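One structure is given below, encoded as structure tokens.
Read the numbers this way: they start at 1 and go in the same order the structure lists the ligands and their atoms. Given the structure is predicted, the values throughout are model-derived calculations rather than measurements.
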Amino acid sequence: MQSFVYQALSQRVVFGFGTLTTIGDELKGLGLSRALVLSTPQQRDSANALAEQLGDLAVGIYDRATMHTPVEVTEDAMAMVRSLGADSVVSLGGGSTTGLGKAIALRTDLPQIVVPTSYAGSEATPILGETENGIKATKRDNKILPEVIVYDVDLTLTLPASMTVTSGMNAIAHAVEALYTQDRNPIISMLAQQGIEALVRALPAIHADSNDREGRSDALFGAWACGTCLGAVGMALHHKLCHVLGGSFDLPHAETHTVILPHATAHNERAVADLLAPVAKALGADSAGGGLWDFAKGLDAPMTLAEIGMEEADLDRAADLACANPYWNPQPMVRDEIRQLLDDAFWGRRPGAERQK
Ligand code: NAD
């Protein structure tokens, strides 16, 4: 057993079916009575229904949450927070909506209740990635960590099949990197394994039937477990690459994680195959990287950077950006190897396969 330091985060978690009805009591429990409900434009109807359910406890809805948390959107929402005298935010949606709530909390220290409807896991972390002038910068602050998470499995039944798969792969990515990160510890490694196993069970079940309630419950539990890993320990190469590709090339978040994960995992498997063995085992595969690639392909996930909007001409700049301020990584981040990894991901080659365009 290697020595370790583990800092637990303080957060209240309510998990189940139909838990949306508890949000009024959660607000009252925190002494709050003027909540601003946040959503994306696509989830405005759900936000309306929640605001109606909350009655006088909700003072309004801001529905322009946007991926990668652009600072100008946060400033627009901040004007509403001030004009309505909101004393809290209730973020209903995926990571984009959670990100907006966190950005408001960072500026105001207002309490947040998050109702996650995807598997991104942001609700369980004190981390915020904000984008300004094409650069995504990550901040870590206790003000960013939401006070309460209300997981209502019912709300995930509408998550489209394709996004269920990519969002689930996004969650798995947090747990994979938690297994080998520099500050890994036994509690988080156990949670990482549980999260991966739950999602490996759940995603094929939901892929076959998006109304599979047990699968949906497993997947949301897995998302919480994997998100908790992301909040508790540092990440490495995989998250660095996705951060660069999302922030500087505006690639979609969950899809980018899905395409990159098998390649980043295979790259690091050269150094820490022992730490990645639980991933291969959960997948019933010989290797973690190859197993993740096969798993994603079997779920009809996007497999190439090309199909999610990357230009081949930008791969050099992406490799440069990734290596400019590299995260700690178990396998050294050599620029030419990272450029090759991006090429493999661009064309969607299976890790370890012969390279031919
Ligand atoms: P998202 O929140 O943008 O959601 C994608 C789309 O799906 C949106 O239109 C959303 O309204 C819709 N949607 C979500 N749940 C739905 C449901 N149940 N039914 C129908 N539609 C639904 O995407 P995401 O992948 O969840 O989040 C990505 C964002 O989260 C990125 O900005 C990323 O940086 C951030 N993130 C941050 C952290 C962190 O710890 N800071 C962790 C993970 C992700």
Side-chain angles (χ1 to χ4, degrees), residues 9 11 20 37-47 49-50 63-71 73-74 91-103 105-106 112 114-131 135-141 143-146 149 151-175 177-178 206 210-211 216 219-220 223-224 226-235 238-248 250-258 302 308:
L9 298 173
Q11 209 175 31
L20 194 67
V37 176
L38 307 177
S39 76
T40 59
Q42 294 79 10
Q43 287 179 285
R44 171 81 200 201
D45 288 351
S46 305
L50 175 58
D63 71 358
R64 291 193 285 283
T66 305
M67 196 165 283
H68 305 309
T69 327
V71 168
V73 173
T74 301
S91 311
L92 176 100
S96 299
T97 306
T98 304
L100 175 61
K102 288 172 152 185
L106 179 64
Q112 310 163 63
V114 181
V115 190
T117 62
S118 78
Y119 307 132
S122 175
E123 65 279 1
T125 83
I127 305 164
L128 168 65
E130 286 192 296
T131 307
I135 301 287
K136 189 167 177 181
T138 301
K139 293 172 181 138
R140 198 183 180 100
D141 192 307
K143 279 195 257 181
I144 295 172
L145 184 72
I149 313 174
Y151 286 108
D152 185 337
V153 182
D154 286 327
L155 299 178
T156 62
L157 292 169
T158 54
L159 190 66
S162 61
M163 207 187 143
T164 295
V165 170
T166 54
S167 195
M169 291 297 290
N170 182 194
I172 290 174
H174 309 325
E177 292 226 298
I206 302 171
S210 69
N211 284 315
R216 287 288 184 189
L220 197 57
W224 170 72
C226 295
T228 301
C229 295
L230 176 68
V233 294
M235 294 286 118
H238 169 79
H239 280 74
K240 176 72 188 184
L241 289 174
C242 294
H243 180 92
V244 165
L245 294 168
S248 299
D250 206 27
L251 296 196
H253 181 82
E255 291 85 342
T256 306
H257 274 269
T258 304
I308 62 168

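The protein non-hydrogen atom at the shortest distance from atom 9 (O) of ligand 1 is Q42 OE1, 3.2 Å. Annotation: atom 39 (C) of ligand 1 to nearest protein heavy atom, S122 OG, 3.4 Å. Of the protein's heavy atoms, A120 O, 3.3 Å lies nearest to atom 43 (C) of ligand 1. Protein heavy atom nearest atom 19 (N) of ligand 1, with residue, atom name and distance: T158 OG1, 2.8 Å. In this structure, atom 34 (O) of ligand 1 lies nearest to the protein heavy atom K136 NZ, 2.7 Å. Of the protein's non-hydrogen atoms, the one nearest atom 3 (O) of ligand 1 is S96 OG, 2.5 Å. Among all protein heavy atoms, the one lying closest to atom 12 (C) of ligand 1 is Q43 OE1, 3.9 Å. Looking only at protein heavy atoms, the nearest one to atom 6 (C) of ligand 1 is M163 SD, 3.9 Å.
Applying the 4.0 Å criterion to heavy atoms of T125 picks out, from ligand 1, the atoms 39 (C), 40 (O), 41 (N). For ligand 1 and G94, the ligand atoms under 4.0 Å from any heavy atom of the residue are 2 (O), 26 (O). Close approach of ligand 1 to L155 is summarised as follows: ligand atoms under 4.0 Å from at least one heavy atom of the residue are 18 (N).
Proximity of L20 to D154: side-chain heavy atoms (C-beta onward) are nowhere separated by under 4.5 Å. Residues I127 and T138 are in side-chain contact: their nearest non-hydrogen atoms beyond the backbone lie under 4.5 Å apart.
Proximity of K102 to ligand 1 is established by a heavy-atom distance of less than 4.0 Å.
Looking at E177, H243, H257 one by one, the single match for side chain to side chain donor-acceptor pair (under 3.5 Å) with H238 turns out to be H257.
Geometrically, ligand 1 and T40 share a nitrogen or oxygen pair separated by less than 3.5 Å. Residue contacts with ligand 1: T69 is placed with no nitrogen or oxygen under 3.5 Å of a nitrogen or oxygen of the ligand (distance criterion only). In terms of N/O distances under 3.5 Å, ligand 1 is approached by I127.
Formation of a donor-acceptor pair under 3.5 Å by the T156 side chain with backbone atoms of D152 is not found in this model. No donor-acceptor pair under 3.5 Å is formed between the side chain of E123 and the backbone N or O of G94.
Listed by chain and number, the residues in a side chain to side chain contact (heavy atoms under 4.5 Å, CB included) with L9 are P126, L145 (sequence neighbours excluded).
The side chain of H253, and not its backbone, has at least one atom closer than 4.0 Å to an atom of ligand 1 (non-hydrogen atoms only; side chain from C-beta on). Using a 4.0 Å cut-off between heavy atoms, T117 contacts ligand 1 through both its backbone and its side chain. At a heavy-atom distance under 4.0 Å, only side-chain atoms of L230, from C-beta outward, approach ligand 1.
In this model, no donor atom of one side chain and acceptor atom of the other lie less than 3.5 Å apart for R140 and T125. Of the N and O atoms on the side chains of Q112 and S91, not one donor lies less than 3.5 Å from an acceptor on the other residue. K136 and S248 share no donor-acceptor pair across their side chains, judged by distance under 3.5 Å alone. Counted by atom type alone, H239 and H174 present one or more donor-acceptor pairs between their side chains at under 3.5 Å.
The residues K139 and E130 are annotated as salt-bridged, a charged nitrogen and a carboxylate oxygen being separated by less than 4.0 angstrom.
Taking OG1 from T164 and CG from L159, the interatomic distance works out to 3.5 Å, rounded to the nearest 0.5 Å.
Proximity annotation for atom 24 (P) of ligand 1: of A65, S91, G95, C242, G95 comes nearest, heavy atoms only.
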